[in-house]
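Notes follow the structure.
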Amino acid sequence: MLEKRYSPHDVEKGKYEAWKNKGYFTSGDKSKNPFSMVIPPPNVTGKLHLGHAWNTTIQDIIARYKKMQGYDVLWLPGMDHAGIATQAKVMQKLVNMGIDVTTISREEFLKYAWEWKSEYANNIHEQWAKMGLALDYTRERFTLDEGLNLAVRKVFVDLYNKGLIYQGERIISWDPVQQTALSNIEVIHQDDEGYMYYFKYHIVDSDDYLEVATTRPETMFGDVCVCINPKDEKYAKYHGKDIKVINPANGEAIPLIEDDYVEIGFGTGAMKCTPAHDPNDFVIGKKYGLEMPIIFNKDASMNEKCGKYQGMDRFECREALLKDIAAKGDFIKQEKIIHAVGHSQRNNCVVEPMLSKQWFVKMKPLAEEAIKNQEGEDKVTFVPQRFENTFLQWMNNIEDWCISRQLWWGHRIPAYYHKVTGEVVVSMDPPEDIENYEQDTDVLDTWFSSGLWPFSTLGWPDKTDDLERYFPTSCLVTAYDIIFFWVSRMIFQSLNVTHRRPFKDVVIHGLVRDELGRKMSKSLGNGVDPIDVINEYGVDALRYFLTTNSTPGQDMRYSDEKVQSSANYLNKIWNSARYVLSVIPEGFKEEKLDLSNLSALDKWLLNRLMITINNVTVNMEKYDFNAASNHLYNFVYDDFCSQYLEMSKVKLNGDDEKASNITRTILLKSLRTIILLIYPYTPFIAEELYQNLPSHLESVMLESYPQVEKEFLDDSSDDEIDLLFSMIKEVRNYKITNQLSPSAKLGISISLKIKVSDDFLLYLNRFTFSNVQVVNDTSSLNGDMFSYNYGSLTPKSLTCLGSMEWTSSLKEVKSLEVKRCFLTLISYQRPLKKRSN
RNA sequence: GGACACUUAGUUCAGCGGGAGAACGCUUCCUUCACACGGAAGAGGUCACAGGUUCGAUCCCUGUAGUGUCCACCA
């Protein structure tokens with residue numbers, strides 16, 4: 001027997017372990033068609049947040065739904081080593097432990113990092129369990145495990161041999177805090193307040209000077225020339241002459257170069273050129289074969305090329321330099337500006353463009369392949385579709401990908417340098433005479449290995465059964481903010497390596513924001529811990545809230561009230577189940593239902609039920625969980641609880657045994673269907689209620705998804721039932737607006753223009769507390785006319801369905817003066833479309 | 001500078017060529033035996049603005065304004 005109140009924590013207890021131990025999460029039933037997903041591997045850096053909860057719940061719904069549909073579902077779990085983020089956290093931890101991280105060896109550090117990993121992996125496992133995720137743990141992977149390392153090495157070597165990976169000296173974004181190179185998309189451009197500083201660059205052997213502006217005066221130590229446009233009339237007197245100017249930072253004479261690159265009329269028209277610290281200047285430097293002095297140390301302090309400023313932090317140096325130049329009279333002015341400044345995605349420090357030797361992936365050929373693939377049969381379907389544009393736009397404008405990182409935590413680059421000759425060997429395995437070589441000390445960008453995730457986790461490069469069976473995967477679920485980082489990389493890596501798309505569908509969702517619509521962040525302290533929400537409202541309520549409160553691809557606001565409201569809905573289902581089960585006697589035999597033995601109300605309800613199954617299924621197939629759940633919600637509240645369930649009491653209290661048993665059968669059938677339809681969203685309460693059904697399997701997880709039974713798609717009773725509900729509502733409204741008690745007894749005469757069943761009067765009397773009589777001729781009645789419409793289409797289909805008269809035989813009424821009146825019910829036929837979609 | 005999204009009830013959001021909806025909040029009534037985490041009946045919206053297409057537009061098109069996000073090397 002169910003408790004009166006739905007108590008989530010009692011319901012949740014023990015179920016996850018039971019499912020898991022029974023092996024319900026394990027894939028591999030070869031008698032079924034496969035359906036596969038890989039989880040977006042969370043970083044092993046911390047706790048899972050609401051975004052993870054949302055992301056994984058969507059996948060869990062899909063997994064459970066597909067399982068019910070008879071698929072062999074593989075949902076593969078795993079975690080990401082998250083190079084920079086994890087290394088930073090582990091380093092911090094070591095500092096806190098009092099360990100000197102400046103002297104620690106690579107091996108020692110990695111030992112600590114692996115300890116960290118196993119600790120955080122545990123946390124994540126616990127959270128997955130709390131969320132109720134049907135993950136196949138027998139296939140769990142880690143982006144840094146041995147199998148994946150093999151895949152990474154293979155891909156690296158293949159790309160290198162194809163000429164798609166190269167080592168080169170180029171301007172990259174340098175993170176001076178982590179002291180590593182970053183890829184372009186790991187740099188976030190923020191509009192920061194800054195200054196444009198104007199300086200005098202004196203012309204050698206002249207009193208004249210050029211006015212040159214910069215936002216980064218400290219880079220002047222790396223200036224190798226000043227550029228003007230050869231057509232700029234402002235500088236006509238310098239054209240074609242061999243002129244040198246004095247760099248006010250260090251007094252060195254540098255050439256004045258004329259190049260079209262400089263835009264006439266922009267700024268002062270004269271541009272300082274620092275090839276090692278600016279991507280544009282780098283191009284000019286290359287063009288003219290200029291020197292490219294690097295002026296920063298790895299931590300972005302000034303190096304030995306900066307004279308007395310050596311050792312200063314770059315920003316300190318800026319201030320000091322400004323003062324010194326001003327003292328010499330060569331500082332003209334400064335203007336406040338707002339400009340885009342690159343920050344590290346990980347630690348928000350200002351990144352420094354810097355010339356550096358790194359490994360790159362040549363992107364053009366890979367991008368072209370990915371773009372072309374979207375035109376063919378094997379394309380990746382984006383849901384919602386508009387995100388395909390986001391993807392294509394990025395692929396169309398992509399630059400080469402810097403993949404080397406100056407870190408320890410990651411896949412080490414399989415390149416070996418000969419100690420004597422300097423020869424570079426790139427190979428899966430170390431050279432046989434390894435003692436003569438040194439392996440590259442860098443590791444790969446984390447996203448390089450996660451880009452292989454959909455096939456590396458299935459055993460690639462080996463031709464495994466899993467790979468054969470589950471790849472390409474069916475579906476991938478992720479938020480829009482990592483389309484560039486991950487989705488697109490999986491697509492081009494997969495196409496290049498396996499010549500197949502990595503997944504058929506990619507379902508994109510938004511971000512969770514706080515109640516005020518702000519991003520949740522540590523610095524704002526507005527994050528919500530899913531575990532807290534679960535402790536307060538239960539995991540099913542959280543899951544239901546997360547997956548039913550936004551449109552695909554849109555952001556969502558977290559709201560305690562909405563989680564509460566979800567819990568209330570579950571309580572509603574709980575109590576409707578309690579009622580249904582309470583009216584089913586021990587050993588009850590279900591009646592065989594067919595249209596001939598059903599009442600108008602029964603037919604109406606079953607029709608609604610079938611339409612609901614259809615609507616839910618259609619939307620589940622579209623990954624529109626909000627729409628799907630709304631259809632079920634409306635059925636549960638309106639059709640089932642408010643109408644059928646209330647009215648069932650009339651039959652069940654009557655003496656028609658057969659009719660009662662049919663009613664019981666329909667109640668059970670509806671309840672069972674509701675449980676099965678809600679189950680993918682809220683598996684815990686569904687399992688609990690399911691176990692209380694008179695007949696059931698070992699677990700709801702073994703059930704099949706409800707199917708539309710066409711014989712019950714019958715709307716022939718809809719007019720009668722709609723009329724009945726309308727009349728009841730109208731009478732109740734009449735009582736309230738006339739300040740009558742709800743149970744006031746009215747005498748009502750009605751004249752009906754459609755044929756109704758015997759039950760009609762029975763229900764009307766019972767639910768209006770009235771004594772209704774049918775009259776054929778309304779002309780003898782007098783009183784006020786009320787008009788009531790429901791639905792509408794065209795005036796042509798207007799049908800007069802009935803009218804009723806009130807009589808004032810009242811008891812216990814507040815106002816005894818009740819007018820005699822007619823209530824005329826007018827019906828337009830509703831458009832069929834509205835009923836069935 | 002490009003691109004995308006958003007603007008609908010007091011609030012948060014669905015919907016989308018023909019009926020304007022949900023949740024929460026609000027009003028009135030009801031503790032009748034599934035549920036007060038409830039029930040019944042309501043109030044509340046020129047669906048941002050302006051044009052256009054259409055028999056008909058909240059929905060399609062164009063433009064305007066505002067909001068948000070992403071992308072972009074301009075000194």
Side-chain angles (χ1 to χ4, degrees), chain A residues 2 4-7 171 184-185 188-189 196-198 212-216 219 226-227 261-263 266-274 278-283 339-340 342 353 384 386-387 389-390 393-394 397 399 480-481 483-484 510-511 513 515 517 519 537 541 545 548-551 553-562 564-583 624 626-627 630 633-634 637 641-642 645-646 649 653 728-737 739-743 767 769 789-794 828 830-831 833-834:
Chain A
L2 298 173
K4 182 166 174 182
R5 217 169 174 185
Y6 158 56
S7 154
I171 300 278
N184 297 349
I185 54 173
I188 299 181
H189 292 276
M196 183 69 80
Y197 305 94
Y198 293 79
V212 176
T214 180
T215 54
R216 296 189 296 153
T219 63
V226 169
C227 304
Y261 177 80
V262 180
E263 199 179 316
F266 187 91
T268 65
M271 182 187 96
K272 77 184 206 51
C273 174
T274 321
D278 184 284
N280 304 304
D281 298 1
F282 175 71
V283 174
H339 61 151
R386 69 185 141 90
F387 288 107
N389 299 336
T390 311
Q393 211 177 321
W394 192 65
N397 298 305
E399 308 242 333
Y480 61 71
D481 62 336
I483 292 176
F484 299 146
L511 309 174
R513 297 173 173 279
E515 307 214 19
K519 251 186 181 169
Y537 303 100
F545 160 74
T548 63
N549 272 281
S550 77
T551 319
Q554 294 296 120
D555 289 350
M556 171 179 41
R557 290 191 192 200
Y558 175 78
S559 150
D560 274 323
E561 280 147 26
K562 284 187 177 171
Q564 178 62 58
S565 158
S566 301
N568 291 352
Y569 173 44
L570 299 180
N571 184 59
K572 185 78 180 173
I573 293 178
W574 179 270
N575 273 292
S576 67
R578 218 161 65 84
Y579 167 77
V580 172
L581 297 173
S582 75
V583 301
D624 191 342
N626 181 27
N630 271 336
Y633 182 94
N634 290 335
Y637 266 93
C641 291
S642 295
L645 197 145
E646 289 302 327
K649 293 168 187 174
N653 291 331
I728 292 170
K729 193 174 201 173
E730 210 52 30
V731 173
R732 286 170 171 169
N733 186 17
Y734 180 86
K735 288 184 182 178
I736 283 182
T737 52
Q739 296 189 293
L740 303 176
S741 144
S743 55
F767 289 95
F769 295 93
N789 309 341
Y790 72 97
S792 76
L793 183 55
T794 62
Y828 297 99
R830 290 180 136 184
K833 209 176 130 200
K834 289 286 172 194

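Quick note on labels: first sequence line is chain A, next is B, and so on, each numbered from 1. Computed from a predicted model, the values in this text were never measured in an experiment.
Of the listed nucleotides (B/C70, B/C4, B/A75), B/C4 has the atom at the smallest distance from the side chain of A/Arg386. Side-chain atoms of A/Ser576 lie closest to B/A34 of the nucleotides B/A34, B/A5, B/A75. Checking B/A34, B/A72, B/A75 against every side-chain atom of A/His189, the shortest atom distance belongs to B/A72. Distances were taken from every side-chain heavy atom of A/Gln554 (C-beta onward) to each of B/C6, B/A34, B/A40; the shortest belongs to B/C6. In the set B/A5, B/G15, B/A75, the nucleotide with an atom closest to the side chain of A/Thr551 is B/G15. When the nucleotides B/C35, B/A75, B/U69 are ranked by their closest atom to the side chain of A/Met271, B/A75 comes out on top. Each of B/A34, B/C70, B/A14 was ranked by its minimum atom distance to the side chain of A/Asn630; first place goes to B/A14. Picking from B/A41, B/C24, B/A75 the nucleotide with the shortest atom distance to the side chain of A/Ser565 gives B/C24. With B/G42, B/A36, B/C74 as the candidates, the nucleotide lying closest to the side chain of A/Asn733 is B/G42. Listed candidates were B/A34, B/A23, B/C70. Nearest to the side chain of A/Tyr633 is B/A23.
Heavy atoms of A/Lys562 sit under 4.0 angstrom from at least one base atom. Within 4.0 Å (heavy atoms only), A/Asn626 reaches sugar-phosphate atoms of the nucleic acid but no base atom. Here A/Val262 lies in heavy-atom contact (under 4.0 Å) with a base. Counting any heavy atom pair closer than 4.0 Å across all strands shown, A/Phe387 reaches no nucleic acid atom. Within the 4.0 angstrom heavy-atom criterion, no nucleotide atom of any strand lies near A/Leu581. A/Tyr197 comes within 4.0 angstrom of nothing in the nucleic acid, heavy atoms only.
Between the P atom of B/A5 and the CD atom of A/Gln393 lies a distance of 11 Å, rounded to the nearest Å. Between the CG atom of A/Asn389 and the C1' atom of B/G2 there is a distance of 14 Å, rounded to whole Å. Summarising the geometry, the separation between CD1 on A/Ile573 and P on B/C35 is reported as 17 Å, rounded to the nearest angstrom. If you take CG of A/Asp624 and P of B/A14, they are 11 Å apart, rounded to a whole angstrom. With rounding to whole Å, A/Asp555 atom CG is found 12 Å from B/C6 atom P. To the nearest angstrom, P of B/A72 lies 7 Å from CG of A/Asn184. Atom CD of A/Gln564 is separated from atom C1' of B/C35 by 14 Å (rounded to the nearest Å). Put simply, CD on A/Glu561 is 9 Å from C1' on B/U11, counting in whole angstrom units.
Ring orientation note: the planes of A/Tyr569 and A/Tyr633 are tilted relative to one another, at an angle of 30° to 60°. Below 30°, between 30° and 60°, or above 60°: for A/Phe484 and A/Trp394 the angle between ring planes is below 30°, a parallel geometry.
B/A9 and B/A65 have their P atoms separated by 23 Å, with the value rounded to a whole Å. Taking atom P in both B/U8 and B/U46, the straight-line distance is 12 Å, to the nearest Å. Remark: the separation of the P atoms in B/G19 and B/U64 is 30 Å, to the nearest Å. Comparing B/G51 with B/C71, their C1' atoms sit 32 Å apart, to the nearest whole Å. Rounded to whole Å, the C1' atom of B/U58 lies 11 Å from the corresponding atom of B/G45. The P atoms of B/U31 and B/A36 are separated by 14 Å, rounded to the nearest whole Å. Comparing the C1' positions of B/C30 and B/A20 gives an interatomic distance of 30 Å, to the nearest angstrom. Using C1' as the reference atom, B/A22 and B/C29 are 23 Å apart when rounded to the nearest Å.
Considering only side-chain N and O atoms, A/Thr390 lies nowhere under 4.0 angstrom from the phosphate OP1 or OP2 of B/A3. Not one side-chain nitrogen or oxygen of A/Lys729 sits closer than 4.0 Å to the OP1 or OP2 atom of B/A40. Here A/Arg557 reaches the OP1 or OP2 of B/C13: one of its side-chain N or O atoms lies under 4.0 Å away. Dashed line: the shortest gap from a side-chain N or O of A/Asn568 to OP1 or OP2 of B/C35 is not under 4.0 Å. OP1 or OP2 of B/A34 sits under 4.0 Å from a side-chain N or O of A/Lys649. Under 4.0 angstrom from either OP1 or OP2 of B/C71 there lies no side-chain N or O belonging to A/Asn397.
Secondary-structure stems of RNA chain B, taken as three or more successive Watson-Crick or G-U wobble pairs (i with j, i+1 with j-1) under a 3.5 Å distance threshold, comprise B:1-7 with B:65-71, B:10-13 with B:21-24, B:26-30 with B:38-42, B:48-52 with B:60-64.
Side-chain atoms of A/Glu646 come within donor-acceptor range of the base of B/A34, with a qualifying N/O pair under 3.5 Å. Side-chain atoms of A/Lys572 and base atoms of B/C35 include a donor and an acceptor less than 3.5 Å apart.
Heavy atoms of other residues, nucleotides or ligands lying less than 6.0 angstrom from CD of A/Glu515 number more than 12.
Atom CD of A/Gln393 is separated from atom CD1 of A/Ile483 by 11.0 Å, given to the nearest 0.5 angstrom.
Looking at A/Ser566, its side chain does come within 3.5 Å of a backbone N or O of A/Lys562 through a donor-acceptor pair.
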*Let me see the working for A/Tyr6 and A/Lys572 under side chain to side chain contact (heavy atoms under 4.5 Å, CB included), right down to the final yes or no.*
CA-CA 9 Å; A/Tyr6 158 56; A/Lys572 185 78 180 173; over 6 Å; no
*asked:* Go through it in stages, so that I can follow the logic: the residues are A/Asn568 and A/Gln564, the test is side chain to side chain donor-acceptor pair (under 3.5 Å), and I'd like the CA-CA distance, side-chain angles, deciding distance and then a yes or no.
replied: CA-CA 6 Å; A/Asn568 291 352; A/Gln564 178 62 58; 3.0 Å; yes
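Between the side chains of A/Tyr480 and A/Asp555, at least one donor N or O sits under 3.5 Å from an acceptor N or O.
Remark on RNA chain B: of its neighbouring residues A/Ser642 and A/Gly517, the 5'-side contact belongs to A/Gly517, judged by nearest-heavy-atom nucleotide. When each of A/Glu263 and A/Tyr569 is assigned the nucleotide of RNA chain B with its nearest heavy atom, A/Tyr569 is the one assigned upstream, toward the 5' end.
You'll find the side chain of A/Arg216 stays beyond 4.5 Å of the side chain of A/Thr274, heavy atoms only.
Residues meeting the side chain to side chain contact (heavy atoms under 4.5 Å, CB included) test with A/Glu263, sequence neighbours left out: A/Phe266.
Here the rule is side chain to side chain contact (heavy atoms under 4.5 Å, CB included) with A/Tyr579, and of A/Asn575, A/Val583, A/Leu581 only A/Val583 fits it.
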